[in-house]
Number of protein chains: 2
Amino acid sequence: MQDKRTAIAIVDDHTLFRKGLMSLLAESDEVEILFDASNGLELKKNINAENLPEVILMDINMPQMDGYAATKWVTKTYPSVKVLALSMFDEDKPIIEMLKSGAGGYLLKESKTTELVLAIKTIASHGFYMNNLVSGKLIKSLQDPVPAKSEISEISANELKFLQLSCSELTYKEIADKMNLSPHTIDNYREALFHKFEIRSRTGLVLFAIKNDLIKL
Amino acid sequence: MQDKRTAIAIVDDHTLFRKGLMSLLAESDEVEILFDASNGLELKKNINAENLPEVILMDINMPQMDGYAATKWVTKTYPSVKVLALSMFDEDKPIIEMLKSGAGGYLLKESKTTELVLAIKTIASHGFYMNNLVSGKLIKSLQDPVPAKSEISEISANELKFLQLSCSELTYKEIADKMNLSPHTIDNYREALFHKFEIRSRTGLVLFAIKNDLIKL
DNA sequence: AAACAACAGGGTAAAAACAGCTTTTCTTAA
DNA sequence: TTAAGAAAAGCTGTTTTTACCCTGTTGTTT
C-alpha cells in the first residue's frame, strides 16, 4: 500500500480551508495533491483525463456548482475517480444525498488528520470508506424507505410564487393583486398545495416553505 | 514590523480546518502559533497569562462555548489580546455581533492566505483590521441605530408557549385547550404579542418566532 | 385605595378554509 | 387540422378561524 502516493484533488470554496488542508496533507507522504478548485465548475475546468486524481475531497455547499452536482458529474464522467465528501454537517439529508450522488464516503471537518488520511487511502483502494456516520445513515435510509413523500418539484412556478408570498403578512387578496390574478385563482393554488402536501392552514404553508428551503429568511 | 513573529492562537471546532490553518501559517515566518483550541471552553483552559497570544483567530459557531462568548471573555480577561473573527458567514448579524463582542476584525474563510496574514499583522499592531466587509457593516449599523426594537425578553413564559404552539396547524381554540386556558386568554396573548412586535397576522407570528430562534424546525 | 398583571367573557367584521362548478388555454394525438 | 383532454384560471357560495374591540374579575403590589 506504500508503493506510491495517492493522487487527490480538493474542492472547497473556503480558500483558507482548502489551502490549509493542502499544506497539512503536503506534510504527509501518503498523498499527492494534483490540484484544487473552489467549486464544481472550477473542478470541471481543472480536471484532466491524462492525469486523473484517484480521490477528490469534496465540500457540499459551494457557489455556482455545489458538491452534489459536482459529484454526480465527476463519477459519471470519470468512473475511476472516487469522491470523499468533506462537510461540517452531520445531518441525515446531506449525508444520504452525497452518497446517492456517488460519494464513496463522508467525513466531518471536525475529524482528525489521521482519520482523513486513512479515509483517503481506504477509498482509493476499496472505493468506499465506512465510518459510524456513514453506516448509521445508510441503515437508517434503508429502514426508512424514502417516505415516498410528494416531491417539491411537483410545485408549478405560480404555486411557488404564491407560496413564497404567503410567507408574509399579506392577505390572499393582496397576494392576488401582486400576482395580477383573481383571488379565486389564488384559492386554487392554496387548495392544490394543501392537498399535495397535507397542509390544513396558512401557518402550515409557511412551515412547509421554510422546512423545504423555499424561502429565505 | 519584522523584528518578531506575531504570536497567535486558533480557536475552531473543525479539526481539519484548525490543523490545516496551523500548517499553512507555520510556513509563514510572520506568525507563531502558541496553541489551538476547539471551542471557547478549551481556550479558557489553554490560555496562559505568562505567554499570551497577541491575536486569536476565532470561529463563531462552536459547541459548548461559541465565538461570541469566548470573545467577550477573552477581551475582558486579557484586554491586550486582540480577536480576529474567522467565519464562513458574510451576513450582518454575526459580523456586527462579533464586533460588538470585542473582535477587532472579521475575515471570511474564503479569504486568501495573504489577506489572513495581513489581517493578523494589522490587528496586532493597530488593534483592528478594516476591510470592505467590516466597514460596510459598521456604517450600516450606524445608520440603523438599533431599531430600539422591543426586546424578546419582554415575552412572558405563557406568551412564549403560546407563540411556539402557534407555529403549528393548531387553531387558537386547540392551543387554549392544550394550555388549559380560555380562548379569550389566548386572544390576550395574541394581542399582546401583536402590539409588542408590530405583527398583524398569525403568519407574522410564525415568522417572528423563526427569525428570533424561538422555535426549532 | 389605586395600579397592575393575568385571566375570562361578549360581540363583530375580515380573512381563511372548504366545496362545487364554468371558462379559457394549451397540448397532443388521431 | 381538429377533437379530446388536461391544466390553469375564474366564479358563487358557506363555514370556520382570525383579528380586533371593550368589559369585568381576581389577586398581588405599592
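Fair warning: this is a prediction, and the values are worked out from it, not measured in the lab.
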Review point. Contact class for A:R200 vs. all strands (heavy atom < 4.0 Å): base, sugar-phosphate, or nothing?
Key: sugar-phosphate
Practice item. Side chain of B:S182 only, please: which of C:dA8, D:dA19, D:dA8 is the nearest? Key: C:dA8
Exercise for review: Send over the distance from B:F162 CZ to C:dC7 P, rounded to a whole Å.
Suggested key: 13 Å
Check your understanding: If you take atom types as modelled and just measure distance, does the side chain of B:N188 reach the base of C:dA8 with a donor-acceptor pair under 3.5 Å?
Key -> yes
Check your understanding: Is the NZ or CZ atom of B:K82 both under 6.0 Å from the centre of the six-membered ring of B:F128 and within 45° of that ring's axis?
Key -> no
Practice item. To the nearest Å, give me how far apart CZ (B:R190) and P (C:dC7) are. Key: 16 Å
Exercise for review: Give the rounded distance in Å between these two atoms: NE2 of A:H184 and P of D:dA7.
Suggested key: 23 Å
Exercise for review: Taking only Lys NZ, Arg NE, NH1 and NH2, and the carboxylate oxygens of Asp or Glu, determine whether A:D213 and A:K93 approach each other closer than 4.0 Å.
Suggested key: no
Review point. With respect to the side chain of B:K173, which nucleotide from D:dC20, C:dA8, D:dT17 is positioned closest?
Key: D:dT17
Exercise for review: Could you check how far NZ of B:K161 sits from P of C:dA6, rounded to whole Å?
Suggested key: 15 Å
**Study point:** Gap between atoms CD and C1', on A:E169 and D:dT18 respectively (whole Å)
**Key:** 13 Å
Practice item. Check the pair B:Y172, B:D187 against side-chain hydrogen bond (donor to acceptor under 3.5 Å, both in side chains), reporting the backbone distance first and the verdict last. Key: CA-CA 8 Å; B:Y172 289 142; B:D187 204 42; over 6 Å; no
**Study point:** Spacing between A:L205 atom CG and C:dC18 atom P, to the nearest angstrom
**Key:** 11 Å
Check your understanding: Should A:Y172 be listed as having a side-chain N or O under 4.0 Å from OP1 or OP2 of C:dA17?
Key -> yes
Review point. Which of these nucleotides, D:dC21, C:dA17, D:dT18, is closest to any side-chain atom of B:D187?
Key: D:dC21
Study note, to complete from the structure: Whole-Å distance, A:K196 NZ to D:dA7 C1', equals 11 Å
Practice item. Nearest whole angstrom, please: distance from the C1' of D:dT17 to the CZ of A:R202. Key: 14 Å
Point to revise | Options D:dA19, C:dC7, D:dA8, nucleotide nearest the side-chain atoms of A:S156 | key: D:dA8
Point to revise | Sugar-phosphate only, base, or nothing, as touched by A:T185 at under 4.0 Å among non-hydrogen atoms | key: base
Practice item. Would you please test A:L163 and A:F197 for side-chain contact (heavy atoms from CB on, under 4.5 Å) and show each step? Key: CA-CA 12 Å; A:L163 181 54; A:F197 304 108; over 6 Å; no
Check your understanding: Can B:D59 and B:K109 be counted as an ion pair, charged N to O under 4.0 angstrom?
Key -> yes
**Study point:** Pairwise 5' ranking along DNA chain C for B:T203 and B:N180, keeping only the more 5' one
**Key:** B:N180
Point to revise | Closest nucleotide among C:dA16, D:dT17, C:dC7 to the B:N158 side chain | key: C:dC7
